[in-house]
Q: 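Structure incoming, see below.
These figures come from a predicted structure and were not determined experimentally. What you see below is based on every heavy atom in this structure, not just the backbone, and it leaves out hydrogens, waters and symmetry mates. Whatever order the structure lists ligands and atoms in, that order sets their numbers, starting from 1.
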Amino acid sequence: MWIHGWGELPGRLFVVSGPSGSGKTTVLRLALERPGVHARLSVSATSRPPRPGEVAGREYIFLSPEEFARIRDAGQLLEWASYNGNLYGTPAAPVFEALQRGERIVLEIETQGAMQVRDRAPTARFIFIDTPDFDTLAQRLRARATETDEQVHQRLVTARHERDLAHCYDVRIINDDLNRAADELASILRAG
Ligand code: ADP
Ligand code: 5GP
């Protein structure tokens, strides 16, 4: 299945990226609860195992690498990427149908996938969330304590590459003060 015409749909597509630990999830959750924000997150598929507290179908659709490859090879993903050894992708049909209904949909995805969306849906709005500096990123990742030291190290190496693509985004939000960052994102999601 290859869907054409993403740019001509009545809804609005937003792509939010940023290094792991920059606070994307936290800022987005707050922004989506701000008054007047009528947008919702797309649920991605991933081959990574669930973290404690994550619920299948809510945070992610959790698949085996084989199941992921099957839906990817059947053309069912709007974009996909391999990130730190795991596969991640956006199921195309639910997003397309929501945009057809005029909804506002947010993809929280890494940079390789975001560049694929830019090719297929150039009218989407691209937002990059970052920390004020690299040390803050390292501190937040270690404090979150959801990855091993080796995984944190890998995410920090990846973060440097992700930053190199920040200039491809329409807006860069620095997540130092959480509430201010959420307000900034909320105003983008309202306006589109
Ligand atoms: P991401 O989704 O980008 O990987 P998270 O939203 O999980 O990042 O945030 C990483 C960690 O940083 C979490 O423990 C979160 O509570 C914390 N955090 C997020 N934003 C801020 C902020 N503005 N100030 C301090 N800590 C923050
Ligand atoms: P995490 O394992 O921390 O949940 O996510 C790791 C990275 O994968 C994050 O940068 C997140 O934004 C990204 N990600 C989540 N879902 C998708 C997706 O569907 N496609 C792509 N390309 N990246 C995703």
Q: Assess E54 for proximity to ligand 2: is some non-hydrogen atom of it under 4.0 Å away?
A: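 No, that is not the case, since the closest heavy atom of the residue is not under 4.0 Å from the ligand.
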Q: At less than 4.0 angstrom from any non-hydrogen atom of P19, what atoms of ligand 1 do you find?
A: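 Checking each atom against P19, I get 3 (O).
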Q: Are I127 and D170 close enough, and set up right, to give a side-chain contact (heavy atoms from CB on, under 4.5 Å), and what steps lead you there?
A: CA-CA 6 Å; I127 303 133; D170 299 313; over 6 Å; no
Q: Give the numbers and elements of all ligand 2 atoms closer than 4.0 Å to a heavy atom of A81.
A: 22 (N)
Q: Quick one: which of G21, A145, G18 has a heavy atom closest to atom 4 (O) of ligand 1?
A: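 It is G21 whose heavy atom sits nearest to atom 4 (O) of ligand 1.
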Q: Regarding ligand 2, does G89 bring an N or O atom to under 3.5 Å of one of the ligand's N or O atoms?
A: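 Looking only at distances, the answer is yes, because the N/O contact criterion of under 3.5 Å is met.
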Q: Looking at every non-hydrogen atom in both residues, tell me the closest pair between R72 and W80 and how far apart they are.
A: CD-CE2, 3.3 Å
Q: Give me the residue, atom name and distance of the protein heavy atom closest to atom 25 (C) of ligand 1.
A: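 Nearest neighbour among protein heavy atoms for atom 25 (C) of ligand 1, to 0.1 Å: R140 NE, 3.6 Å.
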Q: Examine the proximity of ligand 2 to K24 and report which part, side chain or backbone, both or neither, has a heavy atom under 4.0 Å away.
A: side chain
Q: Can any side-chain N or O of Q154 pair as donor or acceptor with the backbone N or O of E150 at less than 3.5 Å?
A: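 Not a single qualifying donor-acceptor pair exists.
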Q: Starting from atom 8 (O) of ligand 1, which protein heavy atom do you reach first, and at what distance in Å?
A: G23 N, 3.1 Å
Q: Could you tell me whether the side chain of T131 and the main chain of D133 form a donor-acceptor pair under 3.5 Å?
A: yes
Q: Which atoms of ligand 1 have any heavy atom of N175 under 4.0 Å away?
A: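 Near N175, meaning under 4.0 Å from one of its heavy atoms, ligand 1 has 19 (C), 20 (N), 21 (C), 22 (C), 23 (N).
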Q: Relative to ligand 1, is A143 under 4.0 angstrom through side chain, backbone, both or neither, heavy atoms considered?
A: neither
Q: Checking a contact table here: which protein heavy atom is nearest atom 20 (N) of ligand 2, and how many Å away?
A: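 The answer is E79 OE2, 2.7 Å.
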Q: Check whether any side-chain N or O of S44 sits under 3.5 Å from a backbone N or O of Y88 as a donor-acceptor pair, and report yes or no.
A: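 No; judged by distance alone, with no hydrogens or angles, the pair does not exist.
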Q: I'd like to know if R51 contacts ligand 2, where contact means a heavy-atom distance under 4.0 Å to any ligand atom.
A: yes
Q: Can you list the atoms of ligand 1 that are under 4.0 Å from a heavy atom of S20?
A: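 What qualifies from ligand 1 is 4 (O).
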Q: Using a 4.0 Å heavy-atom cut-off, which part of Q112 comes near ligand 2: side chain, backbone, both, or neither?
A: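 It is neither part, as no heavy atom is under 4.0 Å.
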Q: Looking only at protein heavy atoms, identify the closest one to atom 2 (O) of ligand 1 and say how far it is in Å.
A: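 The protein heavy atom lying closest is T25 OG1, 2.5 Å.
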Q: Nearest protein heavy-atom contact for atom 15 (C) of ligand 2: which residue, which atom, what distance?
A: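 Checked against all protein heavy atoms, atom 15 (C) of ligand 2 sits closest to Y60 OH, 3.2 Å.
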Q: When you check the side-chain N and O atoms of T146 and R144, is any donor under 3.5 Å from an acceptor?
A: yes
Q: Which heavy atom of S22 sits nearest a heavy atom of R140, and at what distance?
A: O-NH1, 3.4 Å
Q: For atom 7 (O) of ligand 1, which protein heavy atom lies nearest, and how many Å away is it?
A: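 Ranked first by proximity to atom 7 (O) of ligand 1 is R144 NH1, 2.8 Å.
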Q: May I ask you to list the atoms of ligand 1 that are less than 4.0 angstrom from any heavy atom of L178?
A: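 Matching atoms, with element in brackets: 20 (N), 23 (N).
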Q: Under 4.0 Å, heavy atoms only, figure out whether ligand 2 is touched by the backbone of Y88, its side chain, both or neither.
A: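 The answer is both.
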Q: Looking only at N/O atoms, are R144 and ligand 2 under 3.5 Å apart anywhere?
A: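 Checking ligand 2 against R144, no N or O pair falls under 3.5 Å apart.
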Q: Answer yes or no: is there a donor N or O on one side and an acceptor on the other, between the side chain of R118 and the main chain of A124, under 3.5 Å?
A: no
Q: Just wondering, are more than 12 heavy atoms of other shown residues or ligands nearer than 6.0 Å to CZ in R180?
A: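 Above 12, so yes.
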Q: Where does D176 meet ligand 1, judged by heavy-atom distances below 4.0 Å: at the side chain, the backbone, both, or neither?
A: backbone
Q: Please report whether ligand 1 has a polar contact with D177, defined as an N or O pair separated by less than 3.5 Å (distance criterion only).
A: no
Q: Considering the heavy atoms of R48, write down every atom of ligand 2 situated less than 4.0 Å from one of them.
A: 1 (P), 2 (O), 4 (O)
Q: Tell me if the CG atom of D73 is crowded by more than 12 foreign heavy atoms within 6.0 Å.
A: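 Counting other residues, nucleotides and ligands, CG of D73 exceeds 12 neighbours.
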Q: For residues 122-169, pull every pair meeting ring pair (Phe, Tyr, Trp, His ring centres under 6.0 Å), keeping only residues two or more places apart or in separate chains.
A: F128-Y169
Q: Using a strict cut-off of 4.0 Å, indicate which atoms of ligand 1 neighbour a heavy atom of T26.
A: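 Contacts of ligand 1 toward T26, numbered from 1: 5 (P), 6 (O), 9 (O), 15 (C), 19 (C).
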Q: What's the shortest distance from atom 13 (C) of ligand 2 to any protein heavy atom, and which residue and atom give it?
A: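 Protein heavy atom at minimum distance: E110 N, 3.6 Å.
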Q: Please work out, at 4.0 Å between heavy atoms, whether the side chain, the backbone, both, or neither of E147 comes within that distance of ligand 2.
A: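 The answer is neither; E147 stays 4.0 Å or more away.
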Q: So which protein heavy atom does atom 12 (O) of ligand 2 come closest to, and at what separation?
A: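 Checking every protein heavy atom, the shortest distance to atom 12 (O) of ligand 2 gives E108 O, 3.3 Å.
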Q: If you look at every heavy atom in F68 and S47, which pair is closest and at what distance?
A: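 Between these two residues, the closest heavy atoms are CD1-N, 4.4 Å.
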Q: Go through I109 and V15 one step at a time and tell me if the side-chain contact (heavy atoms from CB on, under 4.5 Å) criterion holds.
A: CA-CA 7 Å; I109 63 177; V15 178; 3.9 Å; yes
Q: Considering non-hydrogen atoms only, spot the tightest contact between R120 and L77 and give its length.
A: NH1-O, 3.5 Å
Q: Does the side-chain contact (heavy atoms from CB on, under 4.5 Å) test come out yes or no for R160 and L137, once each step is laid out?
A: CA-CA 11 Å; R160 294 197 187 274; L137 186 65; over 6 Å; no
Q: Just how far is it from atom CG of L189 to atom CZ of R40, taken to the nearest 0.5 Å?
A: 13.5 Å
Q: Are R51 and E147 ion-paired here, with the side-chain N under 4.0 Å from a carboxylate O?
A: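 So R51 pairs with E147 through a salt bridge.
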Q: Less than 3.5 Å between some nitrogen or oxygen of Y83 and one of ligand 2, yes or no?
A: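 Between Y83 and ligand 2 (N or O atoms, distance only) the closest approach is not under 3.5 Å.
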Q: Hey, does S44 come in under 3.5 Å of ligand 2, counting only N/O atoms on both sides?
A: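 Yes, S44 has an N/O under 3.5 Å of an N/O on ligand 2.
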